[in-house]
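One-based numbering, in listed order, for ligands and for the atoms of each.
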Amino acid sequence: MRHQTIHRDNVLRGKNIIIGISGGIAAYKTPQIVRLLKKSGAKVRVALTDGATRFVSELALATVSEERVYRSIFPPADTSGTDYTRHISLGEWADAFVIAPATANTLAKLSAGLCDDMLTALFLTLRPRKPVLIFPAMDGQMFLSASVQRNIATLTAQGCRVINPDSGELASGLCGVGRMPEPESIVASLQNALHSTAATSPLYGKSVVVTAGPTREKIDGVRFISNYSSGKMGFAIARAAAKRGAMVTLITGPVHLETPPEVTRLDVESALEMHDTALSCFKSCNVFIGAAAVSDYRPLDPSEGKMKKENPEIELTLVRNPDILAEFGLQKASGQLAVGFALETQTGLGNARKKLKAKNLDLIAFNFFDRKTSGFEVDTNILTLIDKEGVTTELPLLSKDAAAGQLLDCIEKLCVYTPGINPLKNV
Ligand code: C5P
């Protein structure tokens, strides 16, 4: 479950926020979002779909927002002239647009550009760089369906911030992913988005995909091959990129770390799962950062149950896993950047340079491994950054957060000089 607290200084004071509500059960929680925003000093207008009115009353929303609420783009026949273009003036008025809950139907309409009500029309009239936060909430299977995921990918590529739903009990009585985050968490996401809008990082609005942690390769139903990676470096990179306003997807193997704020986390177990998940992000991402310690090999034929210790010796045949980063590097289009790590126990700088070339990377971080101060598990790292022109930056022993900051500084420079990467169009 995602937990966020409102910890920033009050970026909401005086801001004009539109809340778009579509017809899911979570709509009953939306008056609370409006109340929290009003309490923080924001002005709030509400646009809701016909379906939403089944779950939350317009009168309740009008009362808490102290404003008339909007449903149709067509005003009543007896209204004055300016009301006919209300969707345009509201779009100009808004500093940010929050769509919560976003149903599968509304996501499809938004991604296709349909605009048959005030909510969807407003979406089209917002100026670029105004944050749009979308909170899908629905049944878990619906959320994971190919169509919903495709629509989310489209909206993300347009610059919308689509925040993954929480996991837990769903309206159907089933458990799974699909719950709308709590109103407090939604308000915290909005605060973060408003902060980062002001940021000037070249990573702002970019789609950054980070792989992190170890993978587990099944030997049998209860055993696996893995490594000591804790995921700390990848998570630090994801956290730092989100702070700079990037839209971050973190694909992680099994780790014991909290999801950084504003980061979409996708949990995987094996290298093949990580590969498949990463593959679906290849086209839409601007920067791919491979910080995961992916197992190079997996058992050819894992057994289902628990292997019995009948024989004094057994043989395990291992086969190569796909190299995810190399696959991205070798197929990346112009305007995409590939960044990798090379964890080496010896001097290894030469090896890192070889990997940079072989995997067609734009930047590689040679990661010295000594198990005490640098490498797996520990909170610090010693990195040497080498870009594809051969420019080499030796970093001292740093915390993983600080090392992530230096790595992103380097990536930002590459962004500035990479044709086609700037700027990613916002909605
Ligand atoms: O070749 P080597 O495993 O040392 O390369 C390390 C880099 O490649 C890291 O950035 C790691 O995340 C990535 N990698 C990958 N898929 C693999 C192996 C490594 O993405 N199967």
List the closest protein heavy-atom neighbour of [atom]: residue, atom name, distance to the nearest 0.1 Å.
| atom | result |
| --- | --- |
| atom 3 (O) of ligand 1 | Asp296 OD1, 3.9 Å |
| atom 14 (N) of ligand 1 | Asp323 OD1, 3.7 Å |
| atom 17 (C) of ligand 1 | Val294 CB, 3.4 Å |
| atom 12 (O) of ligand 1 | Ala292 O, 2.6 Å |

Next item on the list: Give a yes or no on this: more than 12 heavy atoms of other residues, nucleotides or ligands lie within 6.0 Å of atom CZ of Arg353.
Entry: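 More than 12 within 6.0 Å, yes.
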
Checklist line | Ligand-side contact atoms (ligand 1) for residue partner Gly290, heavy atom cut-off under 4.0 Å | finding: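 Here the atoms of ligand 1 in question are 9 (C), 10 (O), 11 (C), 12 (O).
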
Next item on the list: State the atoms of ligand 1, each with its element, that fall below the 4.0 Å cut-off from a heavy-atom position in Gly340.
Entry: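 Numbered from 1, ligand 1 contributes 10 (O).
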
Check: Just how far is it from atom CD of Glu310 to atom CE of Met307, taken to the nearest 0.5 Å?
Finding: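 Reported value, rounded in 0.5 Å steps: 9.5 Å.
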
Notebook entry, point to check: So how far is it from Glu344 CD to Thr384 OG1, rounded to the nearest 0.5 Å?
Noted result: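 Going from the CD atom of Glu344 to the OG1 atom of Thr384 covers 11.5 Å.
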
Does the distance from a Lys or Arg side-chain N to an Asp or Glu carboxylate O, for [X] and [Y], drop under 4.0 Å?
| X | Y | value |
| --- | --- | --- |
| Asp296 | Arg320 | no |
| Glu327 | Lys359 | no |
| Arg244 | Asp409 | yes |
| Asp362 | Lys388 | yes |

Any N or O of [X] that comes nearer than 3.5 Å to an N or O of ligand 1?
| X | value |
| --- | --- |
| Phe341 | yes |
| Ile324 | yes |
| Leu325 | yes |
| Lys355 | yes |

Next item on the list: Please work out whether any backbone atom (N, CA, C, O) or any side-chain heavy atom from C-beta onward of Lys359 is under 4.0 Å from ligand 1, and answer side chain, backbone, both or neither.
Entry: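 The answer is the side chain of Lys359.
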
Note to self: If the test is side chain to side chain contact (heavy atoms under 4.5 Å, CB included), which one of Thr30, Ile21, Leu119, Ile19 qualifies with Leu48?
What the structure shows: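 Exactly one pass, corresponding to Ile21.
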
Notebook entry, point to check: Can Ala271 be said to touch ligand 1, with heavy atoms closer than 4.0 Å?
Noted result: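 Ala271 does not count as a contact of ligand 1 under the 4.0 Å cut-off.
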
Notebook entry, point to check: Looking at ligand 1, does Pro322 have a heavy atom less than 4.0 Å from it?
Noted result: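 Heavy atoms of Pro322 do come under 4.0 Å of ligand 1.
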
Next item on the list: Please report the C-alpha distance between Glu217 and Thr215 in whole Å, then the side-chain angles of each, then the deciding distance to 0.1 Å, and finally whether the side-chain hydrogen bond (donor to acceptor under 3.5 Å, both in side chains) criterion is met.
Entry: CA-CA 7 Å; Glu217 311 303 321; Thr215 62; 2.8 Å; yes

